[in-house]
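Take a look at the structure set out below.
FYI, side chains are in, hydrogens and waters are out, and symmetry mates aren't considered; it's all heavy atoms of this structure. Convention: sequence-line order gives letters A, B, ...; per-chain numbering from 1.
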Number of protein chains: 2
Amino acid sequence: MAKRSPNTKSAAVRSRGVTMNDVANYAGVSRTTVSFVLSNRATANISDETRARIFEAVQVLGYRPNAGARALASQRSDWYGLVTEIVTAPFAVNIIKGAQDEAWRDRRFLLIASTEQGAGTPGPAGQGSKGMEDAAIEKLLEQRVEGLLYAATWHRGIDIPDIAREVPTVLINCFDSKGELPSIVPDERAGGRRATERLLAAGHTRIGIINLDPDIPAAVGRLEGCREALAEAGLELDPGLVVSGHATADGGYAAASTILDRAGWGKRSVGGSKGRPTALFCLNDRMAMGAYDAIKERGLTIPGDIAVIGFDNQELIAAYLRPKLTTVALPFEQMGALGVRTLAALTAGQPIAADQQLVDCPLLERSSV
Amino acid sequence: MAKRSPNTKSAAVRSRGVTMNDVANYAGVSRTTVSFVLSNRATANISDETRARIFEAVQVLGYRPNAGARALASQRSDWYGLVTEIVTAPFAVNIIKGAQDEAWRDRRFLLIASTEQGAGTPGPAGQGSKGMEDAAIEKLLEQRVEGLLYAATWHRGIDIPDIAREVPTVLINCFDSKGELPSIVPDERAGGRRATERLLAAGHTRIGIINLDPDIPAAVGRLEGCREALAEAGLELDPGLVVSGHATADGGYAAASTILDRAGWGKRSVGGSKGRPTALFCLNDRMAMGAYDAIKERGLTIPGDIAVIGFDNQELIAAYLRPKLTTVALPFEQMGALGVRTLAALTAGQPIAADQQLVDCPLLERSSV
DNA sequence: ACGCATTAGTAACGCGCGTAACCTAACTCA
DNA sequence: TGAGTTAGGTTACGCGCGTTACTAATGCGT
């Protein structure tokens, strides 16, 4: 690469590295004037003619501002950092999309760093993957991001490294175990209620539930919502119809089999108060995938004999199952966007709506109910 | 926010914004010395004692280098830009992971920008999504990235915007329609061959093929590889066993149904030279998902009656189908890593291996063959 | 004719850092 | 003894830009 001679006055088109000075020379004004024009400064009196000359120079020379220099001089960066484990678990990747779009709209830029352990450098003291996370955040802070977004793949409590607290931070799809940082999470309860209401509206009164690990926030919330909806319809959750399983297709298959094979149910019984359930609420789509197999194997049809409703809207599954799965969507994109808005408020010193903001989970009607 | 008074000599711990100068003052040396020590400059003679004092100051004050200032002064940035549409299509997201890890190992940082159109700003002239892509690249160049990676969700030819050519650029999972830029793509042909060889090794000689849109590079390559493998076994591709379909589960279901219901095949016929195929090579996993349904509906078992092999290794599908799907994996992570290595060579002015580098697609044995 | 505002700019400084050039005291060695 | 070398630093400059002073020319009311 040719070494650039400093102090070169020739305003020639040095295709790489056109600076504001070059623009100023070309337009025959001072660099200050260029700066004023380009940053659209209202209080500076610059004639329209000069302004036009400058824009032309920018165009001709192909000037592109240097973001780093700008940040250095202005002490502001217009960048947010997004740190996440999502990259390995693509399923929540829409958080990134939502955040990017929202940031973009605000003329800001998102620096993304992933926290998972590759075979990367072990770091100065050979730390584990926790050290990797710290390192990622450190890198982001070195870029002088104005705030941090922390996104998780699944809704849970998180221990945020202390360095993240040096700068405004918002958690997305997770919450601070210490309860100090603002967070954005899905409204699991409302989602569970919505799914149940949908089944009730279709006339189902005996609803089997394929539950997740009962301890995680998603399970707690969704089940709670389900119970509420049933209660409003004057029904109660029959514990015999709730089966917990591994959060996989196999787990769903096993759980659905258990429910369907429960003794004492006639093959074609319609949901009386004691019959076989006529609908299955699977607390995630993967388990619904397994449940489909269990149902089909028994010669039953969906939704004719048994309606199925899922949760998560894992597109790759829900939209491709046959019949397509009706499910409640996790609002990843909205959470990402809200995260950015919240962060923007925070960095601007404005108050935020609440410490924990819930985002609605919409129902996606497809063909399984 | 309190305005920082300039020229403050007090080396007090201003928790935010500790500079190299503060470190120098605390350690009682000049800033230059600090710089030399921190950048590990070999030619500078600094005593171990001074060195230790400086490290201690760094520790105590919590100094964190300012990446922007560093880039400004050194005229190098250690950042690569990754522009991609992947964010909406999570399925290829491992490209990002592979690239991040590799960059990290090289002590470099990846700035990621997505090109897809959100409801974001329409831009100065209200362009479409092509303008959005340009804008993303522009943003990256403003950060003075040293090189650009361009990643696609599916293997195809791409028209790269001209601004991307201002800086070394490598394409991942796609190639330059104009044939000018280096690219990294999966070796579809070898993958197709490998899948076919696996089926042949299991004794299958009549193999049904569920094809993609026959024009895309993936279909062309995979089919070519299949043909090669058959030829080596002294077999020929029976055109009657190849059905193209929509690249969805429904498409796979329809195509598989067509093949299985072809007249003249006994229900249990084993693969003679004219019998029903005993194996199905689905050119992607989504179609395999549909094929499963078609097979099961006909009372046939997998892999007992019909073996199925897929392509893509779309985890969410392949690992959760029942039985789990044996498939050929697209080497996203490796492509990402190789992309970074190639870019590193390019920016260092070193020659690169080839204009188009093929990455092997490994076979993942699960339970469907 | 003079003071005063307004218009249209410019000079100069500093952001945090890398780096070439320079400096000084102590140590060698003929 | 004095010239050269080395160890251990420091001074000074500039990267590209935002921003605060300042200036110089013009218009305008009295």
message = Under 4.0 Å from OP1 or OP2 of dG9(D): is there any side-chain N or O of R53(B) that close?
response = no

key: N or O in side chain of R70(A) less than 4.0 angstrom from dG16(C) OP1/OP2   = no

Rounded to the nearest Å, what distance is computed from the [atom1] atom of residue [X] to the [atom2] atom of nucleotide [N]?
X: M20(A); N: dC15(D); atom1: CE; atom2: P; result: 15 Å
X: R144(A); N: dC15(C); atom1: CZ; atom2: P; result: 14 Å
X: R51(A); N: dA8(C); atom1: CZ; atom2: C1'; result: 11 Å
X: R41(A); N: dT7(C); atom1: CZ; atom2: P; result: 16 Å
X: N66(A); N: dC15(D); atom1: CG; atom2: P; result: 12 Å
X: D48(B); N: dG8(D); atom1: CG; atom2: P; result: 9 Å
X: Q75(B); N: dG18(C); atom1: CD; atom2: P; result: 13 Å
X: I54(A); N: dT10(C); atom1: CD1; atom2: C1'; result: 12 Å

query = Should the ring pair W79(B) and W79(A) be called parallel, tilted or perpendicular, given that the plane angle runs from 0 to 90° and is split at 30 and 60?
reply = perpendicular

query = Which atom pair, heavy atoms only, marks the closest approach of T347(B) to E146(B)?
reply = CG2-O, 3.4 Å

query = What closest approach, in Å, do R53(A) and A27(A) show between heavy atoms, and which atom pair accounts for it?
reply = NE-O, 2.9 Å

remark   = So CD of E166(A) and CG of L141(A): to nearest 0.5 Å the spacing works out to 6.0 Å

inquiry  = Working note: N173(B) + I184(B), criterion side-chain contact (heavy atoms from CB on, under 4.5 Å); need CA distance, chi angles, decisive distance, verdict.
reply    = CA-CA 6 Å; N173(B) 202 30; I184(B) 317 282; over 6 Å; no

request  = Would you indicate whether the side-chain heavy atoms of M335(A) and Q357(A) approach each other to under 4.5 Å?
outcome  = no

key: Single hit among V170(B), L171(B), I158(B) for side chain to side chain contact (heavy atoms under 4.5 Å, CB included) with S183(B)   = L171(B)

message = Just to be sure I understand the geometry, which residues of residues 27-36 of chain A put a non-hydrogen atom under 4.0 Å away from DNA chain C?
response = V29(A), S30(A), R31(A), T32(A), T33(A), F36(A)

note = Between N45(B) and A69(B), the residue closer to the 5' end of DNA chain D by nearest nucleotide is N45(B)

message = Categorize T50(B) for me: base, sugar-phosphate, or nothing, with a 4.0 angstrom heavy-atom threshold over every strand shown.
response = sugar-phosphate

ask   = Taking the side chain of T19(B) as heavy atoms from C-beta outward, which of dG14(C), dG9(C), dC17(C) is closest to it?
value = dC17(C)

